[in-house]
Amino acid sequence: MLGGDPQVSGFEDPDEFGFETRAIRAGQPHDPYTGAVVTPISLATTFAQEAVGQPRHGYEYGRTGNPTRHAYQVCVASLEGARHGFAFASGLAASDALLRVLRPGDSLLLGDDAYGGTFRLIDKVFGNAGVGLAAVDLTAPDKIRDAWTPSTRMVWLETPTNPLLTVFDIEAICAVTHELGGIVVVDNTFATPYLQQPLALGADAVLHSATKYLGGHSDVVGGFVATDDDELADHLVFTQNAVGAVPSPFDCYLALRGTKTLGVRMDRHGENAHAVVELLEEHPAVRSVLYPGRPDHLGHDIACRQMSGFGGMVSFRLHGGRAAAEQVAASTKVFTLAESLGAVESLIEHPGAMTHASVAGSALEVPDDLVRLSVGLETESDLLDDLGAALDTAPSAAN
Ligand SMILES: *Cc1c(COP(=O)(O)O)cnc(C)c1O
């Protein structure tokens, strides 16, 4: 671990342990004085020094490094199979830190379906700073060659994507991009390291909105970047300190607490999503169901290869168009009408008007008959009854 947060092993040889064990123990030594099994929330903003310029345990100042943040960083880096991990104040702050490797005149390729805020950050903020952007259909990795220019430095993708659940072949995209001399960033927010490990498939950096599945309880906003690339790690530790978009110790504690149960939560998210998909497939108001676990999903074979499960996000389109989508999204009771995703409670939303309003009119525009579900951990029959009743209010194909 580089930089402000010191090299303290939380758990001897974490790599020899399984995912769930590392989620609970990596970076989280028992307190040497009390034996406390939970990493404390270290609120100190400054740390006493042994002599001038000699911090005792590597910590100097709270923006630069913090023990709670360090524990969290070691843990999530271990889960992604990375040597370096960096926590940020939000997913977009993490994205911003990564994008700062680009200089005015550089450009990047973005998968043509992505979180609206990521598009806005690249298009509006980095666009103003002279960074170019082209959206590419990454389901055909050779299109990267067609879109590549001498100024292209990076390919940025989500898989599965938000909100269309498109699956991109990480290994194939990395092969083409590396051949062209660029780096690949994979936003792993939807899959989480429990279901998909992009670094092992060749990605140069993995990004998370920890606000979603890592935190998992809708009570903390956070971001994370994991990488094995030492140069990128140098850039990130510098940016974390120089720009300062760091999470608070309490935020780190919450994200770390959530991460401990990531495996069991993802298993149940997937089971409940599977049941929801079966209901949607049967319902006459539903035009199509977008879920990588469906055998007829265009990316199903790739998903089977690069994911160990299909996750808890499900999108679907309705025969009744935008009016029906808004009607269904406003009619559920167990599924809460709200933005965000990845937490214990089920959420429903209309991406066109909510999470993805910022891509309207762009190459990333989403269909207006689309509804997105974040399937939570409630009782399966409650979820099915609720969604079924809401769908019954929408017109069927025959109408
Ligand atoms: C929410 C989200 C982000 C942005 O993260 P914040 O924590 O909201 O800043 C980035 N990527 C994906 C896929 C997301 O869902």
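Each ligand, and each atom within it, is numbered from 1 in the order the structure gives. This structure is a prediction, so every number in the text was calculated from the model and none was measured. Quick note: numbers below take in every heavy atom, side chains included, and nothing from hydrogens, waters or symmetry partners.
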Any chance CD of Glu282 has more than 12 other-residue heavy atoms, nucleotides or ligands included, within less than 6.0 Å? no
Distance only, no hydrogens: is a donor on one side chain within 3.5 Å (strictly under) of an acceptor on the other, for Asp267 and Tyr194? yes
Of Ser209, Ser374, Pro160, Gly215, the one whose closest heavy atom lies nearest atom 8 (O) of ligand 1 is Ser209
I need the nearest protein heavy-atom contact for atom 4 (C) of ligand 1: residue, atom name and distance, please. Tyr115 CE2, 3.4 Å
Tell me whether the centres of the aromatic rings in Tyr213 and His269 are closer together than 6.0 Å. yes
Do Thr118 and Ser95 have side-chain N/O donor and acceptor atoms under 3.5 Å apart? no
Need the ligand 1 atom indices (1-based, order shown) with element for anything under 4.0 Å from a heavy-atom of Ser90. 7 (O), 9 (O)
Go through the steps for His274 and Phe310 under the test ring pair (Phe, Tyr, Trp, His ring centres under 6.0 Å), then give the verdict. CA-CA 9 Å; His274 183 80; Phe310 306 109; 8.7 Å; no
Donor-acceptor check, side chain of Ser90 to backbone of Ala93, threshold 3.5 angstrom: yes or no? yes
Can you tell me the protein heavy atom closest to atom 15 (O) of ligand 1 and the distance? Lys212 NZ, 2.7 Å
So the atoms of ligand 1 within less than 4.0 Å of a heavy atom of Asn162 turn out to be 15 (O)
Heavy-atom proximity to atom 11 (N) of ligand 1, picking from Asn188, Thr355, Thr189, Asp187, points to Asp187
Using a 4.0 Å cut-off to any heavy atom of Leu341, which atoms of ligand 1 qualify? 15 (O)
Check the orientation of His356 and Tyr115. Use parallel for under 30°, tilted for 30 to 60°, and perpendicular for over 60°. perpendicular
I'd like to know whether ligand 1 has Gly222 as a neighbour, heavy-atom separation below 4.0 Å. yes
Polar atom proximity, Leu92 to ligand 1 (N or O, under 3.5 Å): yes
Against heavy atoms of Gly91, which atoms of ligand 1 measure under 4.0 Å? 5 (O), 6 (P), 7 (O), 9 (O)
